[in-house]
Amino acid sequence: MATLSIHFDPAVIARLVSASSDDTVHVTLSLGEGAVSAQAAPVIPQGPLAGLMRADLLEPGTVLTFRQRRANRSGRAVVTADGQLVVDGHSSPFPSPSKAAEAVTGNIINGWTLWRTPDGSTLDQLRQKLDAE
């Protein structure tokens with residue numbers, strides 16, 4: 001059986017997230033002409049996280065989290081293929097860890113030291129590892 005792989009541009013995801021319950025969002029899928037299927041152009045990471053992604057220290061789809069116990073706040077974001085962060089509860093991706101953290105906390109904050117990877121490393125620790133290599 002053939003494998004079906006569907007990739008959505010972050011703008012499409014943002015539109016779906018921002019749609020109200022009264023909106024109808026239409027998505028059309030079609031088969032390409034000919035025997036060879038069209039391959040999507042590879043997405044090249046841009047922005048502050050690009051270096052970590054090119055060094056394979058951070059992958060698209062990685063879930064980043066943080067927990068501020070005293071402020072009783074937590075956050076969750078997913079790294080996109082183009083190096084942005086999609087934060088739970090926000091329709092548009094954020095270009096930097098600090099902007100994503102600010103969207104959750106409501107304060108100007110260093111997202112490099114706040115966001116943690118599933119293994120507990122901060123983005124700043126990954127950046128230091130990259131600089132050491």
Side-chain angles (χ1 to χ4, degrees):
M1 175 181 252
T3 301
L4 174 63
S5 178
I6 300 174
H7 300 274
F8 290 99
D9 183 271
V12 172
I13 301 299
R15 173 66 178 102
L16 292 171
V17 170
S18 67
S20 73
S21 61
D22 296 329
D23 288 343
T24 300
V25 178
H26 297 278
V27 177
T28 303
L29 302 175
S30 62
L31 294 175
E33 295 290 323
V36 179
S37 64
Q39 293 290 330
V43 176
I44 299 171
Q46 302 291 320
L49 297 178
L52 297 177
M53 295 177 77
R54 283 192 297 267
D56 292 326
L57 295 172
L58 190 64
E59 297 180 5
T62 300
V63 176
L64 305 176
T65 58
F66 75 83
R67 176 96 175 112
Q68 294 177 312
R69 294 186 196 284
R70 290 188 348 195
N72 196 27
R73 280 190 294 233
S74 61
R76 181 182 177 278
V78 178
V79 179
T80 66
D82 63 350
Q84 298 191 68
L85 295 174
V86 175
V87 177
D88 284 357
H90 295 270
S91 59
S92 298
F94 293 90
S96 75
S98 295
K99 291 292 183 189
E102 184 179 340
V104 177
T105 65
N107 300 316
I108 295 174
I109 192 163
N110 184 347
W112 290 95
T113 58
L114 187 68
W115 293 108
R116 294 188 175 272
T117 62
D119 72 0
S121 301
T122 66
L123 292 176
D124 190 53
Q125 289 169 326
L126 294 181
R127 190 166 54 176
Q128 290 172 15
K129 184 176 179 180
L130 177 63
D131 291 343
E133 291 179 357

4.5 Å side-chain heavy-atom contact, [X] and [Y]:
X      : Y      : answer
Asp82  : Pro45  : no
Leu114 : Pro97  : no
Arg73  : Asn107 : yes
Val43  : Thr80  : no

Single-linkage hydrophobic cluster, 4.5 Å side-chain cutoff, Leu49 and Ile109 together: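 Shared cluster, yes.
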So, for [X] and [Y], which heavy atoms are closest and what is the spacing to 0.1 Å?
X      : Y      : result
Met53  : Ala81  : CE-O, 3.8 Å
Ser98  : Trp112 : OG-CD1, 4.1 Å
Gly111 : Ala101 : CA-CB, 4.0 Å
Val104 : Gly75  : CG1-CA, 4.1 Å
Pro93  : Val86  : CB-CG2, 4.0 Å

To the nearest 0.5 Å, tell me how far Leu52 CG sits from Thr62 OG1.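 Here the rounded value is 10.5 Å.
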Filter on ring-ring contact (aromatic ring centres under 6.0 Å, His included), then keep only pairs touching residues 51-70, sequence neighbours left out; what's left? Phe66-Trp115
Taking side chain to side chain donor-acceptor pair (under 3.5 Å) as the test, write out the residues that go with Thr117, two or more places apart. Asp119
Side chain to side chain donor-acceptor pair (under 3.5 Å) filter on Arg67, not counting sequence neighbours, yields none
Could you work out, with salt bridge (charged side-chain N to carboxylate O under 4.0 Å, His left out) as the rule, every residue matching Arg116, not counting sequence neighbours?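 Per chain and number, Arg116 pairs via salt bridge (charged side-chain N to carboxylate O under 4.0 Å, His left out) with no residue.
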Per the salt bridge (Lys or Arg N to Asp or Glu O under 4.0 Å) rule, what does the pair list look like for residues 88-112, sequence neighbours excluded?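 The answer is Arg76-Asp88.
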Does CD belonging to Glu59 count more than 12 external heavy atoms closer than 6.0 Å?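 Open: at most 12 neighbouring heavy atoms sit under 6.0 Å from CD of Glu59.
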List the atom pairs, with distances to 0.1 Å, where a side-chain N or O of residues 125-133 and a protein N or O form a donor-acceptor pair under 3.5 Å, not counting sequence neighbours.
residue	atom	partner	partner atom	Å
Gln125	OE1	Thr122	N	2.7
Arg127	NH2	Asp124	OD1	3.0
Gln128	NE2	Asp124	OD2	2.9

Could you give me the CA-CA distance, side-chain angles and deciding distance for Leu85 and Val79, then say whether side chain to side chain contact (heavy atoms under 4.5 Å, CB included) is met? CA-CA 5 Å; Leu85 295 174; Val79 179; 3.7 Å; yes
